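Comments concern the structure below.
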Amino acid sequence: MQNNFYIYNSLTRTRELFEPLHPPFTGLYVCGPTVYSDAHLGHARPAVTFDLLFRYLSHLGYKVRYVRNITDVGHLEDDSDDGEDKIGKKARLEHLEPMELVQKYMNNFLKNMEQLNTLPPSIEPRASGHIIEQVEMIKKIISAGYAYEVNGSVYFDVPKYNEKFNYGKLSGRVLEELQQNTRSLEGSSEKRSPWDFALWKKATPGHIMKWPAPWSTGFPGWHLECSAMSTKYLGEVFDIHGGGIDLQFPHHECEIAQSTAALGKESVRYWIHNNLITINGQKMARSLGNFITLDRLFSGDHPLLQQAYSPMTIRFFILQAHYRSTVDFSNEALSAAGKGLRRLMKAVAGLGNLKASGDSTLDVAAIRKGFYEAMNDDLNTPLLLSRLFDSIKYINSINEGTDRISSSDLETFRSLFGTFVFGILGLKDETAGRDDEKLTSDLMKIIIDLRQDARSKKEWEVSDHIREELKKSGIILNDTKEGMTWNRE
RNA sequence: GGUCGGUUUACCGAGUGGCUAGGUGGUGGUCUGCAAAACCAUUUACGGCGGUUCGAAUCCGCCACCGACCUCCA
């Protein structure tokens, strides 16, 4: 199986030809959210980015197993030894059972992901459902000599690991330098080195989510779930691990250390990181309090929003930037994205009306090549979109008769657009397929006939009134040469 | 302070040496009772200062500014 798909590997800091270990199969593991509050715009970035990757790899013919975890345990407020569990804390605040809280926000997250038209992953494992796997992995790490127990908690021994392996290779860090620059940890720590991290934590008395283990009744450290679950579902060595760039250090670095210590070899072949969404130039994050939830973006209900932005507008907005660049939120940019998307969708809809000629004045093969080149170059969706817009000009000029297309080229052209716009970019026409669409269209026909009648009598007041009233309901009338048409705002 | 990345035309955003992405906005036009939409055309920038080169937004150096990571974060 061959392809020309190049992807940027954070581990080597270069674009590499994607060559899976066991073609045509390939594995993709992506760090999912910690579900303790509603998903925000920042969560949409990796979701769309890796959905794009999933779709493209599938399109290229790979059988992709896409695993995205849900973190529902073990994620502490901070890295000190007494940080509270994020889930436990929020559950207390909302007066819910921790698992009830998890269910609530997981449901919301999955609903938002569906609205963004991301395909569901093949497996969505939860950390709490894989305690046994995590305990087993800790045992392996201990027996390999890279972890130690203190008062019922188990910590990964980073300095020892670093003697034989390279802790920091992914994020470009050198342990000795880290140690020089570290902020001193308060003396209460059980850790031998501030860079050690918890594999298992003994539960404090009030802690609700805890499980029995050889060392204590407690819970697993945050980094461990990804190592345990990726190994379980994708194997000891698998192709792609993705996530936000903010997870590169320490989370992914710790994952590498754990897996390498437990398995004696490195697990991940390609590390892929999406960049962040910023707002006023700063990272959007729950901890910074500058986030806008997806629900509010879709409804427009937020002081920073000048209007509502549809899920596809958000998706298009994200796709308009390259996944490794930061992208800054602004009403202007989102509104521009919405308009661009509408134009693209209208043009695609117009493909159905194109008429074939005996020959072609455009080079469909070259257009096709351009589309693939953009995607093969590290998922360059901005470039792909620019080429799609270039092709829109052809659609229009064929319609006007200044360009011609043969019937076989037309068939290729149509399927090409369908494949890239819907199949790979994962966009969809949000105006299509609503309930009562038939009824609406029948009613609109009656209204349009009435208005047309008024216009033919030059009753402009009546005709303008109809148009203005419909506009209030979000329906735009267009008087064109071919007759009156309508569409939703 | 350390490490890494960025600074592109009004805004967003591609582009790792020559072929002047694209979207939005603006302007002009076609169409049109008016409007809107649609379409066509147009709008030529690369933080600063040096250097390499026949040629640099692209390579090198210095400086300025912004950000990410170094606690949790997608």
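All figures in this text were calculated on a predicted structure; none of them were measured in a lab. Reminder, nothing fancy here: chain letters follow the sequence lines and each chain counts from 1.
- Taking side-chain N and O atoms only, A:N275 has no distance below 4.0 Å to OP1 or OP2 of B:A68.
- Remark: P of B:G23 and CD1 of A:I314 are 21 Å apart, rounded to the nearest angstrom.
- Taking the side chain of A:L247 as heavy atoms from C-beta on, and the options B:A36, B:C73, B:G33, the nearest nucleotide is B:C73.
- A donor-acceptor pair under 3.5 Å is absent between the side-chain atoms of A:D453 and the main chain of A:D449, judged by distance alone.
- Comparing the P positions of B:A37 and B:G28 gives an interatomic distance of 15 Å, to the nearest angstrom.
- Here A:V327 lies in heavy-atom contact (under 4.0 Å) with sugar-phosphate atoms only.
- Residue side chain A:R467 reaches the base of B:A35 through a donor-acceptor N/O pair under 3.5 Å, judged by distance alone.
- The side chain to side chain contact (heavy atoms under 4.5 Å, CB included) with A:V348 is formed by just one residue from the set A:V421, A:I392, A:L388; it is A:V421.
- For A:I448 and B:A36, the CD1 to P distance is 19 Å, given to the nearest whole Å.
- With ring centers used as reference points, A:Y372 lies under 6.0 Å from A:F420.
- Note: CG (A:L334) to C1' (B:G13) measures 13 Å, nearest angstrom.
- B:A41 sits 40 Å from B:G5 when the P atoms are compared, rounded to a whole Å.
- Closest-nucleotide positions on RNA chain B for A:M284 and A:S330 were compared, and the one nearer the 5' end corresponds to A:S330.
- Within the 4.0 angstrom heavy-atom criterion, only backbone atoms of the sugar-phosphate kind lie near A:Q282; the bases stay farther away.
- In the set B:U24, B:G22, B:C11, B:C11 carries the atom at the smallest distance from any side-chain atom of A:E332.
- Counting non-hydrogen atoms under 4.0 angstrom, A:L477 reaches a base of the nucleic acid.
- Taking atom P on both B:G29 and B:A35, the two are 13 Å apart, rounded to the nearest angstrom.
- For A:F109 and A:Y105, the distance between ring centers is not under 6.0 angstrom.
- Following rounding to the nearest Å, A:D390 (CG) and B:G15 (C1') show an atom-to-atom distance of 14 Å.
- Following rounding to the nearest Å, A:N280 (CG) and B:C12 (P) show an atom-to-atom distance of 12 Å.
- Comparing B:G61 with B:U9, their P atoms sit 25 Å apart, to the nearest whole Å.
- Atom pair A:R324:CZ and B:U16:C1' shows a separation of 12 Å (rounding to whole Å applied).
- Salt-bridge formation is detected for the pair A:R324/A:D378: a Lys NZ or Arg NE/NH1/NH2 atom is positioned less than 4.0 Å from an Asp or Glu carboxylate oxygen.
- For A:L383, taking side-chain heavy atoms from C-beta onward, the closest of the listed nucleotides B:A14, B:G33, B:U24 is B:A14.
- Within the nucleic acid shown, A:S325 comes within 4.0 Å of sugar-phosphate atoms alone, with no base atom in reach, counting heavy atoms only.
- Between the side chain of A:R173 and the base of B:C4, no donor-acceptor pair of N or O atoms lies under 3.5 Å.
- Considering only side-chain atoms of A:F249, the nucleotide from B:C70, B:C72, B:A74 that sits closest is B:C70.
- Contacts of A:I277 with the nucleic acid, taken as non-hydrogen atoms under 4.0 Å apart, include base atoms.
- Remark: the backbone N or O of A:V327 is not paired with any side-chain donor or acceptor of A:N275 at under 3.5 angstrom.
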Handout entry: Steps toward side chain to side chain donor-acceptor pair (under 3.5 Å) verdict (A:N69, A:T71)
Key = CA-CA 6 Å; A:N69 68 297; A:T71 298; 3.2 Å; yes
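- Remark: P of B:A74 and CH2 of A:W271 are 16 Å apart, rounded to the nearest angstrom.
- Using a cut-off of 4.0 Å between Lys/Arg side-chain N and Asp/Glu carboxylate O, A:D464 and A:R467 are scored as salt-bridged.
- The CG atom of A:L388 sits 13 Å away from the P atom of B:G22 (whole-angstrom rounding).
- For the C1' atom pair drawn from B:U27 and B:C70, the interatomic distance equals 50 Å after rounding to whole Å.
- Counting any heavy atom pair closer than 4.0 Å across all strands shown, A:G281 reaches sugar-phosphate atoms only and no base atom.
- Here the nucleotide nearest the side chain of A:W195, chosen from B:A74, B:A21, B:C70, is B:C70.
- For B:C46 and B:A57, the C1' atoms lie 4 Å apart once the distance is rounded to whole Å.
- Distance check on atom P: B:U58 versus B:C31 gives 46 Å, rounded to whole Å.
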Quick one: which protein N/O atoms are closer than 3.5 Å to N/O atoms of nucleotides 38-44 of chain B? Pair and distance per line, please.
unit_1: B:C39; atom_1: O2'; unit_2: A:E400; atom_2: OE2; d: 2.7

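- For A:W222, a side-chain nitrogen or oxygen approaches OP1 or OP2 of B:C73 to under 4.0 Å.
- Along RNA chain B, the nucleotide nearest to A:I245 and the one nearest to A:D464 differ in position, and the one closer to the 5' end is contacted by A:D464.
- Stacking of A:F389 onto the six-membered ring of B:G23 is not present when judged by under 5.5 angstrom between centres and under 30° between planes.
- B:A56 and B:G47 have their P atoms separated by 15 Å, with the value rounded to a whole Å.
- A:T49 OG1 to A:L319 CG: the interatomic distance, rounded to the nearest 0.5 Å, is 8.0 Å.
- In summary, A:K393 and A:D403 do not engage in a salt bridge, as defined by a charged side-chain N under 4.0 Å from a carboxylate O.
- Of the candidate nucleotides B:C73, B:G33, B:C12, B:C73 has the atom nearest to the side chain of A:A285.
- Using a 4.0 Å heavy-atom distance criterion, A:L276 is classed as a base contact.
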Problem - Secondary structure string for RNA chain B (Watson-Crick or G-U under 3.5 angstrom, | for other-strand pairs) - result: (((((((..(((.....[...)))((((((.......))))))...(((((..]....))))))))))))....
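- In this structure, the ring of A:H130 has its center less than 6.0 angstrom from the ring center of A:Y233.
- For a distance-only test at 3.5 Å, the side chain of A:S463 qualifies as a donor-acceptor partner of the base of B:G33.
- In this structure, A:N274 CG and A:D246 CG are separated by 8.0 Å, a value rounded to the nearest 0.5 Å.
- By the neighbour-count criterion of 12 heavy atoms within 6.0 Å, atom NZ of A:K111 is densely surrounded, having more than that number from other residues, nucleotides or ligands.
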